[in-house]
*Asks:* 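Have a look at this one.
The structure presented is a predicted model; accordingly, all values stated were derived computationally and were not measured. Chain naming here is simple, since letters A, B, ... match the order of the sequence lines and numbering starts at 1 in each.
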Number of protein chains: 2
Amino acid sequence: MSTFQVELKKVVDDSYEIEIGYELQKKLIADIQNGLVGKIKKFAVVTDSTVKGLYADAIVDLLKEAGYQADLFVFPAGEKSKTRKTKEDVEDAMLAKGYRRDCCILAVGGGVVTDLAGFVAGTFGRGVPFINYATTLLAAADASVGGKTAVDTPLATNLIGLFNQPEKVYIDIATWKTLPERQVISGLAETIKHACLARKDFFEYLTENMDAVLNLEREACEHIAEVNCAVKYEVVMKDERESGLREVLNLGHTVGRAIETVSDYQLLHGEAVSIGIVAEVLLAYKLGYVKEQERDAVIALLKQAKLPTEIPEYIDREMLVQKLYTDKKVRDGKLRFVVQKGIGDVVEFSEGVFATPIEEAVAREIIMNM
Amino acid sequence: MSTFQVELKKVVDDSYEIEIGYELQKKLIADIQNGLVGKIKKFAVVTDSTVKGLYADAIVDLLKEAGYQADLFVFPAGEKSKTRKTKEDVEDAMLAKGYRRDCCILAVGGGVVTDLAGFVAGTFGRGVPFINYATTLLAAADASVGGKTAVDTPLATNLIGLFNQPEKVYIDIATWKTLPERQVISGLAETIKHACLARKDFFEYLTENMDAVLNLEREACEHIAEVNCAVKYEVVMKDERESGLREVLNLGHTVGRAIETVSDYQLLHGEAVSIGIVAEVLLAYKLGYVKEQERDAVIALLKQAKLPTEIPEYIDREMLVQKLYTDKKVRDGKLRFVVQKGIGDVVEFSEGVFATPIEEAVAREIIMNM
């Protein structure tokens with residue numbers, strides 16, 4: 001008998017830049033020409049059926065004009081496309097077009113596109129570089145920082161995936177004007193979540209400027225994009241592998257993800273999260289972590305943003321409660337909630353975030369009666 | 001416009017131990033009890049239909065006796081199972097049994113099992129730990145060091161996957177006696193490859209002791225397992241991400257992988273690699289890197305090990321040559337060969353490893369006439 005020690009300790013640098021601005025297509029091409037992804041000449045542009053005609057086609061043309069090989073890989077728009085099957089289709093199409101390891105994936109779209117394309121990039125040829133060109137508020141709020149990529153399965157959302165950092169993220173605010181209003185509003189849920197968990201002043205800003213935000217006024221949009229990145233970055237910086245602190249970003253998500261799934265994606269992610277924030281602020285209130293007026297302010301801000309704050313009639317409450325227990329955060333069968341502490345803070349993450357039987361009962365009662 | 005720098009520089013320690021010995025099942029359980037994977041209590045034991053009854057069932061029983069939750073996830077034996085579909089089936093079965101992020105995957109089997117299970121572990125819940133319990137010579141030679149995990153697709157082998165390091169590898173030599181002779185012989189191809197590219201003395205040892213090896217005499221097996229790990233480790237240590245040096249491990253593989261695919265897996269991986277080694281040593285001879293007697297010694301040793309040294313009649317040479325160009329090592333349409341330099345060394349890897357048009361023509365002629 002003998003043993004063999006494999007030493008694999010090393011310094012990894014996954015740093016990257018997020019650029020926030022208006023119409024960043026030409027900046028993207030210039031960055032590539034200046035060596036953003038080294039000498040790579042082949043770009044697999046991954047997008048969805050909505051974003052294709054709006055932005056991705058034009059980016060492919062710009063890449064070709066600049067002398068690069070670029071091909072479009074398009075899948076049907078919507079959360080329902082975030083599957084292993086779609087990943088496989090994109091991979092097969094890339095392989096059929098001769099893409100191997102010497103390529104870069106360029107995701108053009110919202111969170112579904114960047115989540116899926118980042119996952120494809122992570123396993124294509126055991127990893128090729130990728131760039132995110134984010135065209136939605138939700139992608140700016142949620143998908144631009146953190147390196148979380150994943151697909152959904154019939155039994156759980158976002159459970160198959162990996163941590164994979166892009167080479168660069170572009171947040172093109174000019175693209176938001178082509179979003180359906182419902183998508184903009186959905187994106188605001190993650191924005192309000194960030195305010196609730198880390199930025200009291202931003203919560204007040206949103207309360208005062210919600211009209212400007214809903215009208216997509218440039219200054220307001222830039223501010224939102226920046227604060228979203230800043231909050232997510234602070235949290236992710238401190239905990240890249242989601243071992244602890246990062247969990248605070250799941251505020252509203254334990255209930256939200258379950259609602260999203262049980263609604264069979266009739267509710268958009270942000271809409272489900274909005275209802276989840278309400279459920280979890282009611283829980284926080286019951287547990288004594290937020291005052292009545294704070295609870296009401298959170299619900300009022302969500303309403304101001306035209307987000308849903310009640311569980312739709314068609315959702316079976318029993319099924320919803322059951323669904324909570326298939327969440328990927330469940331450990332040893334115990335639920336976990338991030339609990340808001342006033343506005344701008346959360347109850348510090350610890351093992352205590354696992355709900356006690358009493359807390360579970362309170363959560364259950366809240367959901368059953370919402 | 002504003003930019004945001006995401007700093008993600010960190011030290012990563014993926015070190016692990018390889019243990020080589022006889023009947024290591026109880027050692028495995030003891031290691032887990034001693035904290036090999038921390039406090040994890042749930043073990044998804046991934047295996048194939050052949051290894052299930054031989055070893056995996058017993059390991060599941062031992063885990064249960066020790067108080068752990070353990071479930072078997074079995075797929076049909078053979079390279080043809082190394083697909084995204086099998087990965088999906090394992091994932092869905094794990095999810096259905098309630099496995100989430102708080103589990104460890106234990107691969108029990110040969111290279112196909114460890115490649116597939118390591119890939120599943122890399123993306124399940126965005127990464128859970130895994131342990132390899134290797135039951136074949138090939139797994140000892142090929143799959144125990146390096147962290148390469150992958151599945152095959154219709155268009156290419158091993159192109160979808162990721163680098164993922166196990167928590168520990170067990171090489172149980174006692175299991176080799178239940179391998180069909182053809183599998184043992186197939187495993188010797190990678191062993192001989194290691195001798196050819198890095199160990200002249202080991203090449204001589206194999207020439208002198210091939211009978212003991214084929215009879216699976218314990219001392220010879222241990223020596224083989226150790227040298228295999230040592231060679232692979234030396235190379236991988238110097239280049240974990242396969243940016244350069246590690247390519248030397250592809251000796252025989254440019255041609256070998258193409259033969260394996262074109263044979264529709266009628267040839268085992270090692271058998272195909274054996275033929276690939278022959279093709280590439282003929283190339284090395286033509287290019288003046290090996291002497292006639294060295295060329296003959298390599299072919300003689302492969303024959304001594306009862307490995308095939310000629311391309312089977314049923315393989316279409318034209319198709320085979322075309323297949324070379326879909327290899328994942330192809331860049332800008334140029335073939336790459338690792339070229340043997342005498343016995344125990346290779347032509348140093350550099351950009352020059354891309355075949356020139358003349359070298360491609362020579363390679364083509366060799367294959368057409370083998």
Side-chain angles (χ1 to χ4, degrees), chain A residues 1-22 41 84 88 91-92 95-96 98 100-102 119 122-127 145 147-150 153-156 159-163 165 222 226 229-230 233 236-237 240 242 326 328-332, chain B residues 1-22 41 84 88 91-92 95-96 100-102 119 122-127 145 147-150 153-156 159-163 165 222 226 229-230 233 236-237 240 242 326-332:
Chain A
M1 199 177 91
S2 62
T3 62
F4 213 97
Q5 185 61 24
V6 178
E7 292 291 344
L8 289 168
K9 194 169 174 176
K10 58 188 186 289
V11 176
V12 174
D13 189 352
D14 285 332
S15 302
Y16 63 94
E17 192 180 68
I18 300 173
E19 185 157 344
I20 299 164
Y22 257 70
K41 299 261 175 260
R84 291 168 293 192
E88 191 168 324
E91 288 162 354
D92 287 341
L95 289 169
R100 292 295 179 273
R101 288 180 178 170
D102 55 340
F119 188 19
T123 70
F124 193 83
R126 294 202 189 86
V145 185
K148 286 170 90 168
T149 73
T153 72
L155 285 170
L159 235 158
I160 308 297
L162 41 78
F163 285 93
Q165 306 296 342
E222 284 194 344
E226 282 162 24
C229 289
Y233 180 60
V236 170
M237 265 300 278
E240 201 208 344
E242 198 169 65
T326 68
K328 60 188 178 299
K329 310 285 172 189
V330 169
R331 278 189 201 156
D332 301 324
Chain B
M1 197 177 91
S2 63
T3 63
F4 213 98
Q5 184 63 24
V6 179
E7 292 290 346
L8 288 169
K9 193 169 174 176
K10 60 186 183 290
V11 177
V12 174
D13 190 352
D14 285 332
S15 303
Y16 63 93
E17 192 180 66
I18 299 174
E19 183 156 347
I20 299 164
Y22 258 68
K41 298 263 176 259
R84 290 168 293 193
E88 192 168 324
E91 288 162 355
D92 287 341
L95 290 168
R100 292 294 180 272
R101 287 180 179 170
D102 55 340
F119 188 18
T123 69
F124 193 83
R126 295 202 187 88
V145 185
K148 287 170 88 169
T149 73
T153 73
L155 285 170
L159 237 158
I160 307 299
L162 43 77
F163 285 93
Q165 307 296 343
E222 285 195 344
E226 283 163 21
C229 289
Y233 180 59
V236 169
M237 267 298 279
E240 202 208 344
E242 198 168 66
T326 67
D327 191 88
K328 60 188 177 296
K329 311 285 171 188
V330 169
R331 276 188 204 158
D332 301 324

*Asks:* Locate the shortest heavy-atom distance separating A/Phe124 from A/Glu91; write the atom from each residue and the value.
*Replies:* CE1-O, 4.0 Å
*Asks:* Please identify each residue that fulfils side chain to side chain donor-acceptor pair (under 3.5 Å) with B/Ser2, with sequence neighbours left out.
*Replies:* A/Glu226
*Asks:* Does any backbone or side-chain atom of B/Tyr22 lie under 4.5 Å from a heavy atom of chain A? Answer side chain, backbone, both or neither.
*Replies:* neither
*Asks:* Quick one: list whatever passes salt bridge (charged side-chain N to carboxylate O under 4.0 Å, His left out) with A/Glu17, sequence neighbours left out.
*Replies:* A/Lys168
*Asks:* For B/Glu88, is it the side chain, the backbone, both, or neither that has a heavy atom closer than 4.5 Å to a heavy atom of chain A?
*Replies:* both
*Asks:* So, are A/Asp102 and A/Lys41 salt-bridged, with charged N and O less than 4.0 Å apart?
*Replies:* no
*Asks:* Under a 3.5 Å cutoff, is there a donor and acceptor pairing between the side chains of A/Glu19 and B/Thr3?
*Replies:* no
*Asks:* Name the option with the most non-hydrogen atom pairs under 4.5 Å to chain A; the candidates are B/Asp13, B/Ile18, B/Val6.
*Replies:* B/Val6
*Asks:* Give the member of B/Thr149, B/Val11, B/Ile160 that has the highest number of heavy-atom pairs under 4.5 Å with chain A.
*Replies:* B/Ile160
*Asks:* I'd like to verify something: which residue of B/Ala96, B/Gly161, B/Ala150 has the highest number of heavy-atom pairs under 4.5 Å with chain A?
*Replies:* B/Gly161
